[in-house]
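Take a look at the structure set out below.
In what follows, chains carry the letters A, B, and so on, assigned in the order in which the sequence lines appear, proteins first and then strands, with residues in each chain numbered from 1.
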2 protein chains.
Amino acid sequence: MNKAPKEQFFLQPVVNGSSGDLVTDLSVAIYEHRLLPGTKLGEDELSDIYNVSRTVVRAALQALSHLQLVELRRNRGAFVSQPTVREAREIFEARALLEPRTARSAAERMTDAALARLEAHIEAEHEAIHAGEQGKAVRLSGQFHIEISHIADQATIAEFIERLVARSSLIVAIYWRRQSALCDKHAHHALVEAFRRKDGAEAEALMKSHLLDILSALDLRETAKPQTSLKSILGKSPD
Amino acid sequence: MNKAPKEQFFLQPVVNGSSGDLVTDLSVAIYEHRLLPGTKLGEDELSDIYNVSRTVVRAALQALSHLQLVELRRNRGAFVSQPTVREAREIFEARALLEPRTARSAAERMTDAALARLEAHIEAEHEAIHAGEQGKAVRLSGQFHIEISHIADQATIAEFIERLVARSSLIVAIYWRRQSALCDKHAHHALVEAFRRKDGAEAEALMKSHLLDILSALDLRETAKPQTSLKSILGKSPD
DNA sequence: GTGCACAAAACTGTATACAATAAGGCAATA
DNA sequence: TATTGCCTTATTGTATACAGTTTTGTGCAC
């Protein structure tokens with residue numbers, strides 16, 4: 001059926017069937033800012049695009065809502081979440097609480113294999129930036145933090161960090177101030193160097209300042225960016 | 001058909017309709033150890049008990065699985081989660097990381113109303129213990145921690161603590177060593193006293209030692225309690 | 001021209017029917 | 001008697017139909 005090709009630009013061009021997990025596809029699209037905060041995710045729309053029934057779409061949307069990537073409003077539908085300024089602050093406070101210590105832990109447990117993974121990751125980030133794929137760069141940048149949390153080998157805390165990073169990508173989509181490429185290119189590199197030396201204290205310090213850097217690149221004034229909520233009230237789809 | 005009235009002993013005796021939220025009911029049952037780790041939660045069974053369709057049961061089970069209170073196995077069904085020894089340690093490490101600081105925060109923001117709520121909560125705990133309702137006491141004991149996290153007014157971290165407390169109740173169900181009543185009766189009281197004085201440092205210290213107390217009351221030797229994993233592999237239902 | 005009321009359309013919430021998969025039992029054979 | 005293979009049964013995965021709610025559009029009155 002040749003209908004609604006509009007949204008297919010925002011989502012993976014699933015070749016008529018299961019390209020993989022619906023949750024994953026949507027997550028990636030949100031991570032990469034192809035689906036922006038406030039976007040309505042209609043059930044019929046998604047079931048058309050992915051050629052599955054609304055049942056599985058609903059399950060996917062529910063899963064995403066538990067990750068707080070989408071917000072479900074009863075009888076209204078699913079929307080990509082729009083973290084408030086307050087939530088944004090809270091999320092970065094939580095990250096500042098969890099991630100530096102986790103980076104230390106990761107440094108102490110670092111292996112050659114893990115180090116290689118991180119280096120490959122940074123390489124991929126650079127490539128994405130140079131290729132002008134800013135969305136992909138944002139996503140990889142977040143996944144770098146997730147990778148570190150997994151190396152720290154604390155699944156429970158890693159899961160929390162994963163959730164925080166996910167929501168952070170929404171925050172970046174809304175509140176990011178600079179248009180230029182990501183500024184944390186060097187920060188990630190410096191972190192890897194600390195990891196190579198298994199210098200836990202340095203890794204912890206670097207992570208802490210790195211998070212502060214990101215936070216300082218956000219415009220979290222209460223009065224700023226009113227267009228965000230406005231978009232969610234007025235506009236329905238991001239044409 | 002007059003089948004499976006057995007499970008109705010474990011669940012709220014819903015009077016033929018909606019007593020409230022299915023997720024809440026199941027959560028409470030798990031919190032109170034009426035549903036034990038490893039218990040199979042069949043969809044038909046639940047839809048019979050609650051007089052709703054499998055659709056809503058599935059949604060509830062999915063929600064609980066995202067809270068990590070139940071584990072979903074594809075084509076196998078839903079089971080009350082059975083945290084491993086390792087997960088138990090991780091969960092309490094995470095609590096030790098988050099809760100003491102949160103207690104300090106709560107102390108600094110304490111209001112009369114919040115204090116009254118906490119005192120009422122402790123009162124309810126005592127009543128449950130004296131009434132011999134051990135399950136209810138366990139649940140209230142956990143909710144005390146959740147209440148504190150809400151007072152700290154950091155929704156993101158409060159949500160994490162909520163998840164940790166939820167899983168902790170599973171851990172207690174599996175690994176709790178002592179049969180006697182909960183030992184943290186005085187710990188909670190001492191915390192409230194610190195809160196009353198708005199003594200953040202004291203609250204932080206008390207919470208830290210309180211968590212260590214709980215941890216020390218668990219039997220987390222790797223070799224202990226093999227019947228847990230065994231039960232999940234061999235046994236199907238805990239009759 | 002503006003505002004309100006009513007109706008119709010679109011969408012979500014729920015139930016149910018069917019398909020697919022896994023579990024358990026029975027029989028046949030070694 | 002133990003084991004293996006198949007078949008029956010039970011349970012989950014998915015699709016679809018219907019009911020309820022929200023939204024939107026139209027028309028009438030002011």
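In this structure, the side chain of B/Gln62 engages the main chain of A/Ala59 through a donor-acceptor pair within 3.5 Å. Between the side chain of B/Arg139 and the backbone N or O of B/Ser169 there is no donor-acceptor pair closer than 3.5 Å.
Under 4.0 angstrom from either OP1 or OP2 of C/dA10 there lies no side-chain N or O belonging to A/Lys40. Side-chain nitrogen and oxygen atoms of B/Arg76 include at least one within less than 4.0 Å of the OP1 or OP2 phosphate oxygen of C/dA23. Listed pair A/Arg74 / C/dG13 fails the phosphate criterion, with no side-chain N or O lying under 4.0 Å from OP1 or OP2.
Here C/dA15 presents its C1' atom at 12 Å from CZ of A/Arg58, a figure rounded to the nearest Å. Atom-to-atom, CD of B/Gln62 to P of C/dT14 comes out at 14 Å; the value is rounded to the nearest Å. For the pair B/Tyr50 OH and C/dA15 C1', the interatomic distance rounds to 19 Å; values are reported in whole Å. The separation between A/Leu72 atom CG and C/dG13 atom P is 8 Å, rounded to whole Å. Here the C1' atom of nucleotide D/dT11 and the CZ atom of B/Arg73 are 14 Å apart, to the nearest Å. Whole-Å rounding puts the A/Asp21 CG to D/dT14 P distance at 11 Å. When the P atom of C/dT12 is taken as reference, atom CG of A/Leu61 falls 9 Å away, rounded to whole Å. When the C1' atom of D/dT11 is taken as reference, atom CD of B/Glu43 falls 8 Å away, rounded to whole Å.
Distances from the side chain of A/Thr55 to the nucleotides C/dT14, D/dA15, D/dT12 place D/dA15 closest.
Using a 4.5 Å cut-off on side-chain heavy atoms (C-beta onward), A/Leu98 and B/Phe160 make contact.
Between B/Asn75 and A/Arg54, the one whose closest nucleotide on DNA chain D sits nearer the 5' end is B/Asn75.
The distance from atom CD of A/Gln82 to atom CG of A/Leu36, rounded to the nearest 0.5 Å, is 9.5 Å.
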